[in-house]
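For reference, the structure discussed in these notes is given below.
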Amino acid sequence: MTAPVFVVDRLDVIGPEFVLDGSEGRHAVSVKRLRPGEDVVLTDGRGRWAEGVVKAAEGKDRLVVTDLESVHEEPPQSPRITVVQALPKGDRGELAVETMTEVGVDAIVPWAASRCITQWKGERGVKALGKWRATAREAGKQSRRVRFPDVADAATTRQVAALLAKADFAAILHESGDEPLASVELPAEGEIVLVVGPEGGVSPEELALFGEAGARAFRLGRTVLRTSTAGTAAAALLLGRTGRWS
C-alpha cells in the first residue's frame, strides 16, 4: 500500500464522496500538500480501509475525497505478536512504540517492572499512556498500516504472568537464556508474547514468576540492546521467521 493513510472514526458512513477535516484534514492539506488526482487511503485503524482520490483541497484543513466505492477489511495476521515493554526513561518509550509499530507488532503492553526507574502514577501515567497510543496511531499512518497495534493499559508483573500463561509461545529476552531466539521453534498461528525488561534487567523474582507461567528466557544475540530497541529487533526476527514478512 503506497498511498498516504488518514484516520477516520467510521467507515460505514462514508459515501462516494467524503470530506476529511479536523487534524487529519489539516495534515493532508497543509503538511502533505495533497492535490487533486492523488490517491489516498482512509482507515479506522482497526483493519477497515477504503481507497479514494483527492477531488479538491479547500482552505487549510479540508480535503474532499471521491471515488470511494467500497470498504475493504484486512484480517488480523497470525501468529499475533504482542510485546510486553518495560517502561523506559524519558521519550524512549515513544521510540519503542514507534519502531515496533513500523515493523508490524500487533499489541504493546506497558509493564511496570520492579527495576523500572520510570513509574506511571496518577495523571502522569494517564498522560504517558496517551502519548504511547498517539505514537502508535501516527506510526501506523506513517508506515501505511490499516490495523494499528493495540496499546494496553499499564500491566503489573502478575498481569503479565497471566498474559504469558495464555500464550502459544512466551519468551523473555534475558541474558540467562541458553538458546537464541533465532533458532527456537515457533507456532504457525496463535499468540506469541515477548517480554522486554527495563534497563536494569528482569529481576530473579519476575523471571521465576514468568517461568511458572510457561515463559522461557532467550537471548537475542551477542550485543546488549537497550530496552527501547530490543523489542523492535526481536519482533523483526519473529516476523521474518513466522513468514509474516515473506
Side-chain angles (χ1 to χ4, degrees), residues 5 7 43-49 73-88 92-113 116 120 125-126 128-173 181 184 186-198 202 206 210 213-216 218 220 227-245:
V5 172
V7 180
T43 181
D44 60 4
R46 298 183 295 276
R48 305 188 75 205
W49 59 279
E73 182 153 7
E74 179 181 278
Q77 296 197 56
S78 188
R80 177 180 167 89
I81 296 177
T82 296
V83 176
V84 176
Q85 174 67 58
L87 305 178
R92 287 188 172 272
E94 288 95 275
L95 173 64
V97 171
E98 180 180 53
T99 53
M100 286 192 287
T101 299
E102 289 174 2
V103 299
V105 166
D106 301 293
I108 300 167
V109 180
W111 171 37
C116 284
W120 285 4
V126 173
L129 179 60
K131 285 184 177 180
W132 279 37
R133 287 174 172 164
T135 299
R137 171 187 168 112
E138 293 307 309
K141 289 162 53 180
Q142 186 277 330
S143 55
R144 310 292 169 89
R145 290 180 62 167
V146 295
R147 186 177 290 277
F148 302 162
D150 298 319
V151 179
D153 292 339
T156 65
T157 296
R158 290 203 171 274
Q159 288 172 328
V160 172
L163 181 65
L164 294 170
K166 297 177 183 177
D168 296 281
F169 176 79
I172 312 159
L173 292 184
L181 190 62
V184 67
L186 298 171
E189 56 186 25
E191 180 96 18
I192 293 175
V193 179
L194 177 71
V195 176
V196 179
V202 181
E206 290 163 341
F210 294 164
R216 293 168 55 198
F218 294 93
L220 192 55
T227 184
S228 54
T229 54
T232 301
L237 174 65
L238 294 173
L239 287 160
R241 294 200 56 227
T242 55
R244 284 184 48 177
W245 270 9

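Contact annotation: the side chain of L181 approaches that of L173 to within less than 4.5 Å [non-hydrogen atoms, C-beta and beyond]. By the 4.5 Å heavy-atom criterion applied to side chains, W111 and Q159 are not counted as neighbours. When side chains are defined from C-beta on, R145 does not count as touching V5, because their heavy atoms never get closer than 4.5 Å. When side chains are defined from C-beta on, T157 counts as touching F210, because their heavy atoms get closer than 4.5 Å. Here the side chains of V7 and K141 are in contact, with some heavy-atom distance below 4.5 Å. Within the 4.5 Å cutoff, side-chain heavy atoms of R244 are placed close to those of D106. Counting heavy atoms from C-beta outward, L194 and I81 have side chains that stay 4.5 Å or more apart.
Residue-environment remark: CD (E189) stays at or below the threshold of 12 foreign heavy atoms within 6.0 Å.
In this structure, CD in E73 is found 10.0 Å from OG1 in T43, a value given to the nearest 0.5 Å. Distance CZ/R80 to OG1/T242: 14.0 Å, rounded to 0.5 Å. Here OG of S228 is found 11.0 Å from CD of E94. Values are rounded to the nearest 0.5 Å.
What you find for P149 and T101 is that their closest heavy atoms are CG-OG1, 3.4 Å. Shown here for A167 and A170, the closest heavy-atom pair between the two residues is CB-CB, 4.2 Å. Among all heavy-atom pairs drawn from L239 and V103, the shortest one is CD1-O, 3.1 Å. Residues L87 and A112 come closest through the heavy atom pair CD1-CA, 4.3 Å. Contact between G125 and W120 at its shortest, heavy atoms only, is CA-CB, 3.6 Å. What you find for G190 and S78 is that their closest heavy atoms are N-OG, 3.4 Å.
Using modelled atom types, one side-chain atom of T227 and one backbone atom of G197 make a donor-acceptor pair closer than 3.5 Å. Proximity of a side-chain donor or acceptor of W49 to a complementary backbone N or O of R147 within less than 3.5 Å is not detected. Between the T82 side chain and the I108 main chain, no donor and acceptor come within less than 3.5 Å of each other.
Between F169 and F218, the ring planes lie tilted relative to each other; the angle falls in the 30° to 60° range.
Of the candidates V196, T229, T135, V83, V83 is the only one forming a side-chain contact (heavy atoms from CB on, under 4.5 Å) with M100.
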Legend entry - Stepwise side chain to side chain contact (heavy atoms under 4.5 Å, CB included) check, V184 with R241: CA-CA 10 Å; V184 67; R241 294 200 56 227; 3.9 Å; yes
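Salt bridge present: D153 and R133 bring a charged side-chain N and a carboxylate O closer than 4.0 Å.
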